[in-house]
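Structure first, then comments.
All values below come from the heavy atoms of this structure, side chains included, with hydrogens, waters and symmetry mates left out.
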Amino acid sequence: MKKLTLLFFLFTISNLILSQEKKSIEIYGTISLDSIPLENVHVINKNTSIGVITNTKGEFKILVSKTDTLFISHINIDNKEISISEEMFDTKTITLNIEASSYVLEEVFLKKRRSIFYVDSQIMPAYMVNATTLKLPFANTFAKKNERVTKLTLTSVSVDLDNLINFFNGNTKRAKQLKEIKIVDAELLKIRRKLSDFFFEKQLSIQKPYINQFLNYCASKNIITLYKKGNLLKLTEILIRESKLFPHKKLNEETLLTKN
């Protein structure tokens, strides 16, 4: 009878210990990146597969038990795993200040682009391969230079009006500038789509109608080159810094350049 009582007592104690270990509580936490609250961080309990996302203040709450492991991921940080300690479980709080992830480019070799008509001089000398030796059509003909505009005199009546207008108005120069502007706008649009409007509105406090204007404001800060190199960390740092100096944060219809 004594043995049976002792066995029951040990069984009860073991169940009590196991129940305490499996006890779940709601723990409150905050996550920041270099002391700045980090929004949209994914926090997942690997033991229960339950996940939450931090709010604009970098705060979250999640159910955990002792010895559970939290998986933390975000575009600006390296993935981390945090084990729930006795102190976290007792205080029901967890505070994480995470360093930004770094991007390292592998070695890159730049080679000059070659035309489809490129001939290696070491294999085939130029005097052996040319338009004449290949018997191409019009090999020995030369285009006549159009000098109608340059030879314009008071007595001349042979004038190409289109060339004359372009000559004085500088249409070629403006077309080149317009092409460069379009290229810059396309790259800035890629940056906006990559980071999302949510990032500009919530983390940088830039009103949506001003996002394009803000990116043009930052274009001179080398952000396009950083984006092409994949250095999102440095790009984000510049945007955060310039957002504090950007003059148009409050919506004002008179200052809008575009509607989107």
Side-chain angles (χ1 to χ4, degrees), residues 14-106 189-208 210-211 214-215 218 223 226-244 246 249:
S14 62
N15 283 340
L16 181 60
I17 294 174
L18 289 174
S19 64
Q20 289 179 347
E21 290 181 353
K22 294 181 179 180
K23 179 182 177 181
S24 296
I25 63 171
E26 194 170 50
I27 190 171
Y28 295 85
T30 57
I31 299 178
S32 57
L33 177 63
D34 297 332
S35 301
I36 300 176
L38 193 56
E39 187 180 4
N40 291 332
V41 180
H42 293 263
V43 182
I44 302 172
N45 188 329
K46 295 183 64 176
N47 293 36
T48 62
S49 298
I50 297 176
V52 295
I53 300 176
T54 58
N55 59 18
T56 55
K57 297 181 180 180
E59 301 171 341
F60 70 94
K61 56 183 179 179
I62 189 172
L63 285 174
V64 298
S65 302
K66 288 183 179 179
T67 71
D68 279 356
T69 301
L70 299 182
F71 177 78
I72 300 172
S73 66
H74 188 270
I75 186 174
N76 288 330
I77 64 175
D78 295 324
N79 295 339
K80 291 186 177 296
E81 292 186 2
I82 305 296
S83 298
I84 301 300
S85 63
E86 290 284 349
E87 182 181 356
M88 296 176 186
F89 195 83
D90 293 338
T91 60
K92 298 182 181 180
T93 58
I94 177 173
T95 303
L96 299 176
N97 186 17
I98 302 176
E99 296 181 356
S101 58
S102 58
Y103 298 88
V104 180
L105 292 178
E106 296 180 355
L189 181 59
K190 291 179 182 179
I191 295 175
R192 176 174 179 175
R193 290 175 176 173
K194 178 69 175 179
L195 299 179
S196 78
D197 289 357
F198 187 86
F199 168 78
F200 289 98
E201 291 184 85
K202 301 300 181 181
Q203 293 193 257
L204 302 186
S205 300
I206 302 296
Q207 295 286 343
K208 186 174 182 179
Y210 288 112
I211 295 178
F214 173 66
L215 287 172
C218 299
I223 61 174
L226 293 173
Y227 172 75
K228 288 182 177 181
K229 291 182 178 180
N231 194 344
L232 296 179
L233 174 60
K234 186 64 177 178
L235 170 62
T236 304
E237 289 178 354
I238 292 175
L239 293 177
I240 292 174
R241 183 188 67 213
E242 295 301 322
S243 67
K244 299 176 182 178
F246 187 57
K249 283 194 173 184

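We find the CD-CG distance between E237 and L232 to be 11.5 Å, quoted to the nearest 0.5 Å. Considering OG1 of T30 and CD1 of I94, their distance stands at 8.5 Å, rounded to 0.5 Å. In this structure, CZ on R192 lies 14.0 Å from OH on Y227, to the nearest 0.5 angstrom. Separating the NZ atom in K80 from the CD1 atom in I31 is a distance of 11.0 Å, to the nearest 0.5 Å. In this structure, N55 CG and E39 CD are separated by 7.5 Å, a value rounded to the nearest 0.5 Å. Going from atom CD1 of I75 over to atom OG of S196 covers 8.5 Å, rounded to the nearest 0.5 Å.
The shortest distance between side-chain heavy atoms of Y28 and I62 does not fall below 4.5 Å. The closest side-chain heavy-atom distance from I240 to L204 is below 4.5 Å. In this structure, the side chains of S73 and N79 come closer than 4.5 Å at one or more pairs of heavy atoms. Two residues are said to be in side-chain contact when any heavy atoms from C-beta on lie closer than 4.5 Å; L233 and L226 fail this criterion. Taking 4.5 Å as the limit, every side-chain heavy atom of I84 sits out of range of all side-chain heavy atoms of T69. Side chains of L195 and F200 form a contact here, defined as non-hydrogen atoms less than 4.5 Å apart. Between L63 and N45 there is no side-chain heavy-atom pair separated by less than 4.5 Å. At a threshold of 4.5 Å between non-hydrogen side-chain atoms, the residues Q203 and L38 count as touching.
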CA sep, side-chain torsions, deciding dist, call: H74, H42, side-chain contact (heavy atoms from CB on, under 4.5 Å): CA-CA 6 Å; H74 188 270; H42 293 263; over 6 Å; no
Evaluation steps, side-chain contact (heavy atoms from CB on, under 4.5 Å), between N40 and F198: CA-CA 10 Å; N40 291 332; F198 187 86; 3.1 Å; yes
side-chain contact (heavy atoms from CB on, under 4.5 Å) between I206 and L239, worked out: CA-CA 11 Å; I206 302 296; L239 293 177; over 6 Å; no
Worked check of side-chain contact (heavy atoms from CB on, under 4.5 Å) between T93 and M88: CA-CA 6 Å; T93 58; M88 296 176 186; over 6 Å; no
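Here the closest non-hydrogen pair linking P37 and G58 is CB-N, 4.0 Å. The two residues F89 and K66 have their closest heavy-atom pair at CD2-CE, 3.4 Å. In this structure, E81 and F71 approach most closely via the heavy-atom pair CG-CD1, 3.9 Å. The two residues S32 and N97 have their closest heavy-atom pair at OG-OD1, 3.1 Å.
Under the 4.0 Å criterion applied to side-chain N and carboxylate O atoms, K46 and D68 are not assigned as salt-bridge partners. Using a cut-off of 4.0 Å between Lys/Arg side-chain N and Asp/Glu carboxylate O, K92 and E26 are scored as not salt-bridged.
The main-chain N or O of V41 is found under 3.5 Å from a side-chain atom of T54 such that the two form a donor-acceptor pair.
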